[in-house]
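Hydrogens, waters and symmetry mates are skipped; everything else that's a heavy atom, side chains included, is used. Proteins come first, then strands; the chains are lettered A, B, ... in the order of their sequence lines, and each starts at number 1.
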Amino acid sequence: MLIATWNVNSLKARLERVTQWVNENQPDVLCMQETKMKDAVFPALTFAEMGYESAHFGQGQWNGVAIISKVGLTDVVTNFAEPIAPDHEARIISATCNGVKVVSVYVPNGRSLEDDHYKYKLEWMKKLKQHADAIAKPSGRLVIGGDFNIAPTDDDVWDVTKFEGATHVSAPEREAFADLCAWGLTDVFRQLHPEPKVFSWWDYRNGSFHKGEGMRIDFLLATKSLLGEVEASGIDRNARKGEKPSDHVPVTITLKNISTKLKK
DNA sequence: ATGGTGGCTGGGCCA
């Protein structure tokens, strides 16, 4: 079972790149973020023709998250699960796909350490942990995929000295991420790939991709009970090349056994 | 270089 997460930075602008990547890689489940569209224009039919069910939680101009699956998609929850106070933006959607609880998240950026958006980000991370608790037990089969807008360690940033006083690397953000993991989640890519300076995002500006100036801020976090089934994890940096790329690339994990039963 | 690029939009915000 191949699960992927990808901040597509506008599904309208990225649809051709996304369908091409899906056709080539055939993920069983893909979490998307920043679809930047209303539910009414989400291209469900396009994905259906490719064999995928889909669920989208959009708001329009900004944010928007989705899950597409070809191994079943049930129990869809938009926004945080009850009784958590709902977010005023479309940043989280959950579903069950082939016995795995899958959550697609777009964690707030934070903007700057002084900004109210930064407090909102930290609060949002607390609520994400509550959400995990509401829909699964730490012993359960849960994967949270998404753009966390947090680089957990200095190894996840090209040059941390460029980030003094900035978001994404601050101690409170990293503590919030560590707290979420301490609930019972593992950053699967990091577990399998200890090497530093492997990134999932590069700024469009300044030729950042060409210069290797990126960050690893997109993750698939899995509960312990799934770790024994993990065969592989990857970051497809090729997706940052070519015409009209997103500034993020897909992150993937492969779980053994549990999808083949559904495929004829 | 107080810049740069890209995606909303339709001027300026957001990332």
Salt-bridge criterion met for E53(A) and K70(A) (N-O under 4.0 Å):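 No salt bridge links E53(A) with K70(A).
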
Residues D154(A) and R174(A) bridged, charged N to O under 4.0 Å: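 So D154(A) pairs with R174(A) through a salt bridge.
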
side-chain N/O K36(A) vs dG6(B) OP1/OP2, d < 4.0 Å: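 So the side chain of K36(A) is outside the cut-off, no N or O lying under 4.0 Å from OP1 or OP2 of dG6(B).
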
Nearest whole angstrom, please: distance from the [atom2] of [N] to the [atom1] of [X].
X       : N       : atom1 : atom2 : result
R17(A)  : dG6(B)  : CZ    : P     : 13 Å
N7(A)   : dC14(B) : CG    : C1'   : 13 Å
E34(A)  : dC8(B)  : CD    : P     : 10 Å
Q61(A)  : dA15(B) : CD    : C1'   : 13 Å
Y204(A) : dC13(B) : OH    : P     : 21 Å
E89(A)  : dC13(B) : CD    : C1'   : 13 Å
R14(A)  : dG7(B)  : CZ    : C1'   : 8 Å
E243(A) : dG7(B)  : CD    : P     : 11 Å

Comparing K12(A) and W201(A) on DNA chain B - which has the more 5′ nearest nucleotide: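 It is K12(A), whose closest nucleotide lies nearer the 5' terminus.
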
5'-most by nearest nucleotide on DNA chain B - S10(A) or Y106(A):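 By nearest-heavy-atom nucleotide position, the 5'-most residue is S10(A).
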
Sugar-phosphate, base or nothing in reach of F209(A), heavy atoms under 4.0 Å: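 Nothing, no heavy atom under 4.0 Å.
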
For R17(A), all residues meeting side chain to side chain donor-acceptor pair (under 3.5 Å), sequence neighbours excluded: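 R17(A): no side chain to side chain donor-acceptor pair (under 3.5 Å) contacts found.
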
Would you confirm whether the ring centroid of [Y] sits within less than 6.0 angstrom of the ring centroid of [X]?
X       : Y       : value
W158(A) : F163(A) : yes
F199(A) : F209(A) : no
F80(A)  : W124(A) : yes

Proximal nucleotide (of dG6(B), dC8(B), dG4(B)) relative to the R205(A) side chain: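 Nearest listed nucleotide: dG4(B).
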
Beyond-backbone contact of N63(A) with Q33(A), side-chain heavy atoms, under 4.5 angstrom: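 No. Closest side-chain heavy atoms not under 4.5 Å.
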
Residues touching DNA chain B, which here means a heavy atom under 4.0 Å, drawn from residues 37-44 of chain A: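 Nucleic-acid contacts, sorted: none.
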
Residues from residues 109-121 of chain A lying under 4.0 Å of DNA chain B - heavy atoms: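 N109(A), R111(A), H117(A) - these, ordered by number, are the residues of the stretch whose heavy atoms sit under 4.0 Å from the strand.
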
P atoms of dG3(B) and dG12(B), separation to the nearest Å: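 After rounding to an integer number of Å, I get 15 Å for this pair.
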
Plane angle bin for F148(A) and F177(A) - parallel if under 30°, tilted between 30 and 60°, otherwise perpendicular: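 Answer is perpendicular, since the angle exceeds 60°.
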
side-chain hydrogen bond (donor to acceptor under 3.5 Å, both in side chains) between S10(A) and E34(A), worked out: CA-CA 6 Å; S10(A) 169; E34(A) 281 206 88; over 6 Å; no

